Every structure is written in C-alpha cells, then in structure tokens.
Amino acid sequence: MFKIVKREEMAQGTVIMNEIEAPRIAAKARPGQFVIIKANETGERIPLTISDIDVGNGTITIIYMVVGKSTALFKTLPVGDAFQDVIGPLGKPTHIEKLGNVVCVGGGTGVAVLFPITRGFKNAGNKVISIIGARNKDLLILEDKMKSASTEFHVCTDDGSYGNKGFVTEVLKDVLDNNKIDLVVAIGPVPMMKFVSKITKTYNVKTLVSLNPIMIDGTGMCGGCRVIVEGKTQFACVDGPEFDGHQVDFDGLMKRLRAYEEDEKMAYEEHCKVFGDK
Amino acid sequence: MAEKSAKKEKIARQPMPEQAADVRRRNFEEVPTGYSEETAVLEAQRCLQCKKPACVAGCPVEVDIPGFIKHIAEKDFKGAIQKIWKKNSLPAVCGRVCPQEIQCEGLCIVGKKGEPVAIGNLERFVADMARNSGEGELPAKAAPTGKKVAVVGSGPAGLTVAGDLLLKGHDVTMFEAFHKTGGVLVYGIPEFRLPKDIVASEVETLEKIGLNIECNMVVGSIVSIEELFEEGYDAVFIGVGAGLPRFLNVPGEDLIGIYSANEYLTRANLMKGYLFPEYDTPIIRGKNVVVFGAGNVTMDSARTAMRLGADRVRVVYRRSREEMPARAAEIHHAEEEGIEFHLLTAPVRFVGDENGRLLQMEGLKMELGEPDDSGRRRPVPIEGSEFMLDCDLAVVAIGANANPLLTQSDQEITLNKWGYIEADPQTGKTTKKGVWAGGDIVTGSATVILAMGAGRIAADSIHEYLTWGW
Ligand SMILES: Cc1cc2nc3c(=O)[nH]c(=O)nc-3n(C[C@H](O)[C@H](O)[C@H](O)COP(=O)(O)OP(=O)(O)OC[C@H]3O[C@@H](n4cnc5c(N)ncnc54)[C@H](O)[C@@H]3O)c2cc1C
Ligand code: SF4
Ligand code: FES
C-alpha cells in the first residue's frame, strides 16, 4: 500500500495533487520518468509522470486532471488513505545537460511533468525560458514553482484572463525570433505538442515531447503504448516517454488515445452516479 | 499376470467430463470439470505398473507416475499427492496445462495399442482433491541457514526455485514487476483453462512456508541486480519470462482493434477486462475476430474472443495443420467451440476507418515449398491470391522475444544473439557470480514444466553454492 501524505486540489478541483509515500521509487526516480498507479483491487493501471520527488521524506508527487473513472476514484482518496499499487520509476529519464538556452513549454497538467525537467535544466546551468498556458487563470497550475525554476517566465491564457492572451505557441515564436535556442521541451495536450513541434521545425530547433499513450504494464511487454516515431513503431513506456517532436505521428497518437472512449464514458457516468460527483 | 493385464486393458480411457461446447464458449468457467473419485480409480487401474516406466522418462521433472497412480488405484489419495509433491510443486497447474501428449502420455505403453493412461487428468484429480480437502499438510522445512535469496519473477520458474530453497532453510524474497504473482499463469493463461484461485493457493502455500513477496518491483529499474547484493542477498535467480511481444510488421498494425496477445490476454486475465465495468480495465469486444499464430497463446486468445461475444473467430496461420504448436487438447477445444482455422494464410496489411479503427485485413494464400532452417516446409505466397476479410478485432499471437529491461541493466550477464540469458543447462548459472537464470528468459517461450525443471536445477545449484561456495 502506498499512503497519501499530502493532497491538494488545484484548478478549482479539476486537478489533484497527491504526495505519496514510496521511498524506493523516490530514491531512484529522475525527471521525465513515470509511475503506474492502481487504486484498488478492481482498478485500472494508469500511467502518471512524476512531478516531484522528496528523497528525504521518501515521497513522490503526482498531479492529475480528473478526466474519467480512474482519476475520479483517485480524487476520492483522502490523506491517510492509500493506493494499492504504485509501480516505477518507469521510462527513460530526461537527458539533462548544459546546452545553453532551453525553452520549456507547458500546457494544462503537462506543467506538472515539465516542472522537474525545468528545474533540472536550470540547475545544470542553462538559461531556461518557460512558457506555460491554460484555458483561463483558474486552470493554471504550479505557476510559482515554475517561475522559481526558470530564468525567464511567461504565462498565457486562451481567454486573456491572466498573462498573455492566446496560445503558448505565440509567445514561443517570439522567443525563438529573439534568442538562439538550443532545445525546446514541450509537454501538454497532444495538439499543443503537435503545434509547438510544427513551429520549432521551421526554426530547426530540436524539440522534446513527452507522450502519454494508454498503457498496461509499462515495461515493454504488451505493446499497447506503441507510437510511430520516424515511421517506426516505438513503445512509449520503455523507448520514451520522451521523443523527438519533429518525428512523432501525433495524429496517430490522438486516435489511439480515444480507443476506449465509449467504455470510459460509460464507466465514468456509473462512477458519478455512485459518488454524486460531476 | 498376463491374464490380469489383459483384463485391465478392457477398461477404456475415462473421458474427462466437460462443459458442453455451445455453453462454455460464452462463459469463463473452467472447461473440464474434473474426474470423480470412481472415474479416477477406474482410470488408475488401467496403468500396467511397468517396471521401467516409459512415461517417467517423458516427464521433464521425473514424477514417479506409476507410483502415484498406484496410490489412486488403492484409493490412497494422500499417498498419491505426497508422491507427486516430491518432484512437482505445482501439480494442479501441470495437470491442466502440460503437453502430456508429447511427454508422459506420448510414451505410455498402453498408448502403443490403444489410448494412453490419462496421466494429466489423474495428476489434476489428486492435486484438486488435496487442495479442496485442505489435507495437503505443509512439507517439512530445514533449519534456517541465514542465507538470503532474491527470486526475480513469479512465474513457474521463480515459484519452483522459491519453494525448493525455502524448504532447504533459506530466506527467500520474490520480486515481481506486476501487482500480482504467477507470471504467465495469471496474466496469460485464461481462467477457463487455469482458474486463478488455483495459482493463488499455490502462492499462498509458499507464503505459509515463509516466502516474502514484493510486487510492483520492476527489477532493473527500481533496483538493480548489483543493488540486491548490496542489500544483503547472497544469491539471485532470474526468471522473468519472455515478455516482449512480436508483431507482424505489416502496414496498419497500429490501428485501434489490433492487440498483441500479451496485451489482449493481460487485459482479459490479469486485469479482468471480461468483467468490465465491474473491473475498470476495458477490452475491445470484437464481433469479427482474427487471431494470428497457432500456439497455445493463439488458442487462448481465440477462445477468449469467443467468450467475449464474437460472432466469428478465425485463426490465421502461415503454415499447415501439422506445424501447429498448440497442445492437441486446445486445438480440439477451440474447434468444438466454433473457431475456424484458415491455414496457409498470411496477413499483408490492415485497413482502418478515419478514426483509426480496424475494418479489414488483406490476406494472402500460401503453399508449402522447400524445408527451411527449422526443417519445416517453408510457406511461400501464391501469386494473385490476395483477398480481403472484414474484422473489427485482430490479435497477434505469433510468439514472444526476450524483454531487455532487466538484462540490459547488468553488463556482467551474458546474453545470446537473441537477447536470452546464457545459463549453464546443468546448473542454471549465468556468467555473473551469484546469479542464476531459468525458464523462458533462457530458453525462449517454452512450457510451464520446462520452466519448473529449470527452476529445480537452479535451486539445487544455488543451495550448493550457499553451502559450499561458487
Ligand atoms: C497465453 C499463454 C498460454 C500458454 N499455455 C501453456 C500451456 O498450455 N502449457 C505450457 O506448458 N505452457 C504454456 N505457456 C508457456 C508457459 O506459460 C511459459 O513457458 C512459462 O510460464 C514460463 O515461465 P517463467 O517462469 O520462465 O516466466 P513467466 O511465467 O513469464 O513469468 C515471469 C514473471 O517475471 C515477471 N518479470 C518480468 N520482468 C521482470 C522484472 N524486470 N522484474 C521483476 N519481475 C519481472 C513477469 O511479470 C512475470 O510475472 C503459455 C504461455 C502463454 C503466454
Ligand atoms: S508407461 Fe503408462 S502404463 Fe506404464 S507406468 Fe507409465 S502411465 Fe503406467
Ligand atoms: S505499456 Fe505495455 S509495452 Fe508499454
């Protein structure tokens, strides 16, 4: 059992932060890696990228958006309660090194994943320009943490309720026009990563994206997480989750993410009936 | 004596009672329902009690077959299970999944003229009887040695090593990547062929005799072999199976509706997808299903699809019937359940709709040409024989390769050119001191009993090492 020692609601309760006791994972995990979590006996195995690690306390932090039955179930767990299974650290860690100027672009809960990577690049001596975005001010997460982990910091909201009005891609273009950038790391909804990669391609700037396909084992044994990169099949759980954004078949990924749409909707509605949640 | 055996031969092989095909093809309950006491005794009387039993030579772990069968014939079921346990710690599993027709039963003398003694059915009977009556008293354990052994992987190889070493007094901890123990026995082989509570009860027995189990431990990522030694383990056994799916590598294989058998069976069995939405893991329920391959895994996938409500399930295989590697009983059961076989047929590509969902496959007819490296006649495509087939679910069950996750993490463990671990067949020793390996990660995909046999050999060698040194 993996005890929840801290819990916070963010973005008006649509995003949840859990700090979980998992000393062995905390001791090993590095930025960019993920865990697979299963709440209880009947639960599903859900991959979530690690957002923070506290080696001293032996905890890891995960941040997830409530989008279906499993995450809704996670949301019901109070501090002191526990997840039945947490497996990790899985996937390849981000290759962090001193490159010069690095841009970190995050959207939605992708910011949670981006945070340890951003901090890593800054600690490695890079100038880090961060651009984070959300639909509106209330949905923005980890603003302070990201700010402190960056050399230069930009916020965008789609509706202009906070920071720059518009998408992260517009600020990104600006940054690319005015700086010599060595690497872009983009983590967020698939369409955002797709558009960021499209832009950086025209600037010929290497771009890392972190993919989140549906997974089962997370160890390369099922092939359910396969994505097409450079025309070749890759298993995101072991070959990734980070890939060269200029080579990823994002449209294929988006389709595969909808494989169980109907089932998920049904299960979520059932869950909401029981928990009276919306 | 001659008279007596002549009389014995008159008893016909006792058929295994089964759920009717048209009923079982829609449920997940076990297909064979097991011998009654009377049937078992009758079947046991068919054994000639050979002085030099051929059957034992066919058994990879050399169970004293005539010995345990004699006890059954005498209605001493406790005596029978004790005999089996001396050599085989998982008889309820083996009685159900071993390929008896090419092992013990294939060599049985009675089988030369008629049907062999139903050794597998009898083994299963005795094991079930012991489990259900709770009579299986725990085996005696040697005094603690103070030595610690780490067993990586909880499939039949790991379970055997753990059981043997516990009895020899060592302190054994098992590390399993999944959230449940049992390896292929829980994630691969379906409930209707091997009920999961049987595997669970075998593991429970090991826990009762002192096994520590740590699930959710992906060795090679959360802890390395080297770190296990640092943590105080004196020896490590690697039995991680052959967990890397093979795909067809034809266009369209990433469409939704195409699964590797590993994914399909893991969703169905380990995650209990067939009980969705009671269990949260969804699984695609196809109406028109194709399954590629011809092994046990293929049959398990095809029969699972039938139970999940398919109208038609077709097994598509490149070669001919003679080459099908599945157990005879599985092919027979599959056919009875209405699964169709399209032999000498190969897939060329898959076609999907605009949402990326599988709609059709294109196939190609084959004919048998010259023998290939494996000595089997190579299937060659017949030109112009392409055809289209509608399907909404396809399962690729054409075998597995070695998963590199663990093996890549330790440079001292030598691998062969296919990525399997090099281990001495006599001892199970790898090229790294203090590390043994066995089962599918050494041999490639094989059988439960061969994995157990490898486990037994390794356990003996580990015990020797812990007592005398490398
Ligand atoms: C669907 C199916 C049907 C089959 N039917 C039959 C049959 O009827 N008869 C028969 O004799 N054989 C059958 N087999 C083959 C048989 O199951 C295998 O040969 C046997 O299970 C191999 O045993 P093993 O102990 O080597 O590995 P496995 O049973 O594969 O167990 C390996 C275990 O190690 C774990 N593991 C992997 N990597 C790590 C890691 N890095 N750290 C920790 N743990 C790890 C895995 O999760 C798994 O639990 C079948 C196989 C399949 C897939
Ligand atoms: S070979 Fe057949 S008849 Fe002889 S001992 Fe074995 S099972 Fe009995
Ligand atoms: S999740 Fe199964 S191979 Fe990646």
Side-chain angles (χ1 to χ4, degrees), chain A residues 2 22 24-25 27-29 33 35-36 38-46 68-70 73 84-91 214-228 233 235 237-238 249 251-264 266-268 270-271, chain B residues 176-180 187 214-218 220-224 227 240-247 249 253-267 270-273 275-285 352-357 396 400-401 403-406 408:
Chain A
F2 297 80
R24 281 195 103 121
I25 300 176
K28 269 289 163 94
Q33 290 189 296
V35 288
I36 283 186
K38 181 168 159 290
N40 55 24
E41 191 53 36
T42 55
E44 173 181 27
R45 292 169 63 104
I46 301 287
K69 174 171 179 187
S70 292
L73 182 68
Q84 190 170 72
D85 302 289
V86 179
I87 303 109
L90 300 168
I214 295 168
M215 295 188 186
I216 295 274
D217 55 296
T219 62
M221 79 65 94
C222 79
C225 62
R226 58 199 190 275
V227 289
I228 309 274
T233 298
F235 292 176
C237 68
V238 283
D249 173 7
D251 295 337
L253 172 63
M254 271 186 266
K255 284 179 192 159
R256 284 187 66 85
L257 280 168
R258 286 197 294 267
Y260 302 98
E261 216 167 25
E262 300 276 304
D263 288 334
E264 282 162 7
M266 192 250 275
Y268 189 32
E270 285 297 311
H271 172 89
Chain B
E176 167 56 46
F178 267 129
H179 56 270
K180 238 196 199 102
Y187 78 69
E214 288 206 38
C215 283
N216 300 324
M217 290 291 283
V218 183
S221 111
I222 190 160
V223 63
S224 68
E227 284 162 339
V240 293
L244 187 76
R246 229 181 259 164
F247 281 98
N249 293 320
E253 212 171 6
D254 63 322
L255 289 166
I256 298 166
I258 304 177
Y259 284 125
S260 73
N262 274 358
E263 179 176 4
Y264 187 60
L265 292 172
T266 303
R267 281 181 182 275
L270 180 73
M271 305 312 297
K272 302 231 185 298
L275 296 176
F276 180 88
E278 190 193 326
Y279 279 71
D280 296 342
T281 306
I283 186 164
I284 296 173
R285 292 165 183 253
D353 66 11
E354 69 282 1
N355 295 319
R357 286 179 192 267
V396 182
N401 293 336
N403 187 318
L405 196 147
L406 168 68
Q408 262 173 8

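From a predicted model like this one, the values you see are computed outputs, not experimental measurements. Lettering follows sequence order; numbering is per chain, from 1.
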Residue selection (most heavy-atom pairs with chain A, distance under 4.5 Å) from B:Leu270, B:Val396, B:Ile258: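 Top option by heavy-atom pairs under 4.5 Å: B:Ile258.
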Side-chain touch [X]/[Y], heavy atoms, less than 4.5 angstrom:
| X | Y | answer |
| --- | --- | --- |
| B:Thr266 | A:Asp217 | no |
| A:Phe2 | B:Asn216 | yes |
| B:Asp254 | A:Thr233 | no |
| A:Glu41 | B:Lys272 | no |

With a 4.5 angstrom heavy-atom cut-off, could you sort out which part of [X] is near chain B: side chain, backbone, both or neither?
| X | answer |
| --- | --- |
| A:Val227 | neither |
| A:Met254 | neither |
| A:Lys255 | both |
| A:Thr219 | both |

Candidate pair B:Ile283 and A:Tyr260, rule side chain to side chain contact (heavy atoms under 4.5 Å, CB included), full reasoning: CA-CA 8 Å; B:Ile283 186 164; A:Tyr260 302 98; 5.8 Å; no
[X] versus chain A, the contacting section by heavy-atom distance below 4.5 Å:
| X | value |
| --- | --- |
| B:Ile222 | both |
| B:Tyr187 | side chain |
| B:Gln408 | neither |

A:Gln84 and B:His179: side chain to side chain contact (heavy atoms under 4.5 Å, CB included), yes or no, with the steps? CA-CA 9 Å; A:Gln84 190 170 72; B:His179 56 270; 5.9 Å; no
Partner residues of A:Glu261 under the salt bridge (charged side-chain N to carboxylate O under 4.0 Å, His left out) criterion, sequence neighbours left out: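 Checked A:Glu261 against salt bridge (charged side-chain N to carboxylate O under 4.0 Å, His left out); zero matches.
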Residues in salt bridge (charged side-chain N to carboxylate O under 4.0 Å, His left out) with B:Asp280, at least two apart?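 For B:Asp280, the residues satisfying salt bridge (charged side-chain N to carboxylate O under 4.0 Å, His left out) (neighbours in sequence not counted) are A:Lys69.
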Take B:Glu227 and A:Lys28 through the salt bridge (Lys or Arg N to Asp or Glu O under 4.0 Å) test and state the conclusion after the steps. CA-CA 12 Å; B:Glu227 284 162 339; A:Lys28 269 289 163 94; 2.5 Å; yes
Could you grab the distance from atom OG1 of B:Thr281 to atom CD1 of A:Ile214, nearest 0.5 Å is fine?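 That separation rounds to 11.0 Å.
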Going from CZ on A:Phe235 to CG on B:Asn403, what distance comes out if it is rounded to the nearest 0.5 angstrom?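 Separation between the atoms: 9.5 Å.
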